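Only one structure is covered here, and it is reproduced in the block below.
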Amino acid sequence: MSDAAQPTAAEVRAAAEAVKTALDRHLAAVERRSGEEDPAVYDAFNELAAAAEAYDELLYDRYDEVTPFEIPGEDTLPPYTGPEEPSALSVLIRRDYAVAEPQRLMAQARRVEAADEEAPDVEASGTVHGALGLLFGEFEPDEIASRHKEFGLEEGDSTLWVTAADESADPGEWLQAPFEEVDPERVVCRFDVSTVFDEEFDDDIEDDEDEEDDEDDEDRDDEDGDADLTELGGDLDTDLDTDLDTDLDTDLDTDLDEDEDEDDEPARLEADR
């Protein structure tokens with residue numbers, strides 16, 4: 001980033017002050033909340049998140065530094081504000097696939113085409129576009145999901161949302177735009193499937209294994225240290241025993257020599273006389 005485009009120190013300071021103000025407002029809203037899903041707390045939370053994100057960006061642009069705060073992503077659902085006892089619901093499903101094996105996909109479509117006696121003369125199975133239309137028209141989405149490899153497809157991310165409604169929609173009411181009027185505050189529950197969750201789980205396992213390996217290494221080091229001390233103690237005991245034996249032998253030899261000298265003294269005196 002060029003110097004001209006960098007925020008000023010005053011702008012960063014102002015953003016920091018905005019975070020402090022948002023913190024105070026959020027705490028005040030929490031202290032005055034009327035229930036677990038108080039909209040005032042939700043609004044204060046969003047204001048705090050926006051202020052923190054703005055400060056984080058300015059801080060990085062000016063000083064190349066970041067904060068330890070994690071800003072919730074856009075996929076975070078707001079608190080539920082729908083009816084307590086819904087009389088109708090909608091189930092929204094998205095499943096992503098990659099066409100991994102086009103030839104297998106078209107071969108499966110040809111089988112469907114051959115079994116349909118009322119199929120038109122035009123062979124739709126000759127293209128990936130046509131084959132997809134044949135297969136998804138013949139099989140239920142859940143069956144395709146469970147047999148996706150047979151159809152030459154590779155699974156991607158998927159999500160399922162259950163939303164509540166006060167009353168059922170009229171027939172054909174939303175068919176022109178089925179996914180445009182989804183209210184996140186009326187989502188009763190959602191279920192997401194993605195390989196990114198598996199990667200995070202694998203990372204957690206690897207971290208745990210690394211910690212266990214470190215602990216094992218420390219235990220082995222302690223055992224090696226104890227073994228060294230034991231060996232050192234054994235060597236010291238051996239050296240002490242050897243020294244004691246040597247000293248005892250030396251003392252005994254000296255005493256014996258002195259005794260022999262005393263025994264020989266009278267004989268020398270007698271010989272002199």
Side-chain angles (χ1 to χ4, degrees), residues 22 25-26 29-50 52-53 70-100 105 108-109 112 116 124 128-202 204:
R25 290 177 179 172
H26 181 262
V30 170
E31 291 173 339
R32 296 193 305 267
R33 67 181 178 185
S34 57
E36 293 184 359
E37 298 177 355
D38 191 333
V41 175
Y42 174 65
D43 292 340
F45 172 87
N46 284 338
E47 291 177 5
L48 176 57
E53 186 174 10
E70 181 178 355
I71 307 302
E74 294 296 330
D75 58 345
T76 302
L77 289 174
Y80 176 74
T81 60
E84 293 184 2
E85 297 182 2
S87 58
L89 59 88
S90 298
V91 179
L92 309 176
I93 300 176
R94 172 173 174 170
R95 293 187 177 123
D96 286 358
Y97 297 96
V99 181
L105 175 72
Q108 290 284 7
V112 172
D116 188 1
V128 172
H129 178 272
L132 287 170
L134 282 170
L135 292 176
F136 278 90
E138 178 69 19
F139 301 102
E140 292 290 334
D142 289 341
E143 185 172 359
I144 291 179
S146 63
R147 299 173 55 190
H148 63 276
K149 292 183 178 179
E150 297 178 32
F151 301 132
L153 302 176
E154 181 179 318
E155 279 187 315
D157 292 350
S158 64
T159 187
L160 182 150
W161 292 27
V162 178
T163 64
D166 296 313
E167 57 183 16
S168 299
D170 295 332
E173 179 180 346
W174 49 260
L175 291 180
Q176 296 297 324
F179 303 112
E180 287 187 357
E181 297 182 2
V182 179
D183 185 354
E185 295 185 2
R186 290 193 169 228
V187 175
V188 178
C189 58
R190 63 177 288 182
F191 304 94
D192 301 323
V193 177
S194 175
T195 55
V196 70
F197 302 140
D198 298 334
E199 293 171 359
E200 292 174 355
F201 180 72
D202 292 340
D204 291 340

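Only a predicted model underlies this, so the values are computations on that prediction, with no experimental measurement involved.
The two residues Arg32 and Asp38 make their nearest non-hydrogen contact at O-OD2, 4.2 Å. Counting all heavy atoms, side chain and backbone alike, Val41 lies closest to Arg33 at CG2-CB, 3.6 Å. Summarising the geometry of Ala29 relative to Ala40, their closest heavy-atom pair is CB-O, 3.9 Å, with the distance given to 0.1 Å. Heavy-atom minimum distance, Tyr80 versus Ala164: OH-CB, 3.3 Å. Taking each heavy atom of Ser194 and Asp157 in turn, the nearest pair found is OG-OD1, 2.8 Å.
A heavy-atom distance below 4.5 Å is found between the side chains of Val99 and Leu153.
Counting non-hydrogen atoms of neighbouring residues, nucleotides and ligands closer than 6.0 angstrom, the CZ atom of Arg25 reaches no more than 12 such neighbours. For Glu173, the CD atom sits in a packed shell: over 12 heavy atoms of surrounding residues, nucleotides or ligands are nearer than 6.0 Å. In the displayed structure, Glu143 atom CD is contacted under 6.0 Å by more than 12 heavy atoms of other residues, nucleotides or ligands.
Atom CG of Asp96 sits about 10.0 Å away from atom OG1 of Thr159, to the nearest 0.5 Å. In this structure, the separation between CZ on Arg94 and CG on Leu160 is 13.5 Å, given to the nearest 0.5 Å. The CD1 atom of Ile144 sits 9.5 Å away from the CD atom of Glu138 when rounded to the nearest 0.5 Å. In this structure, CG in Asn46 is found 9.5 Å from NE2 in His26, a value given to the nearest 0.5 Å.
For the ring pair (Phe, Tyr, Trp, His ring centres under 6.0 Å) condition, no pair includes a residue of residues 173-194, sequence neighbours left out.
Shown here are the salt bridge (charged side-chain N to carboxylate O under 4.0 Å, His left out) partners of Asp166, two or more places apart in sequence or in another chain: Arg186. Residues satisfying the salt bridge (charged side-chain N to carboxylate O under 4.0 Å, His left out) test with Glu150, not counting sequence neighbours, are Arg147.
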Pair Glu155-Tyr97, side-chain contact (heavy atoms from CB on, under 4.5 Å): steps then yes or no: CA-CA 5 Å; Glu155 279 187 315; Tyr97 297 96; 4.0 Å; yes
Test log, rule side-chain contact (heavy atoms from CB on, under 4.5 Å), inputs Val188 and Leu89: CA-CA 9 Å; Val188 178; Leu89 59 88; over 6 Å; no
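The main-chain N or O of Val112 is never found under 3.5 Å from a side-chain atom of Asp116 such that the two would form a donor-acceptor pair.
Ring pair Phe151/Phe139: centre-to-centre distance below 6.0 Å.
Side-chain contact of Trp161 with Thr163: a donor-acceptor pair under 3.5 Å is absent, judged by distance alone.
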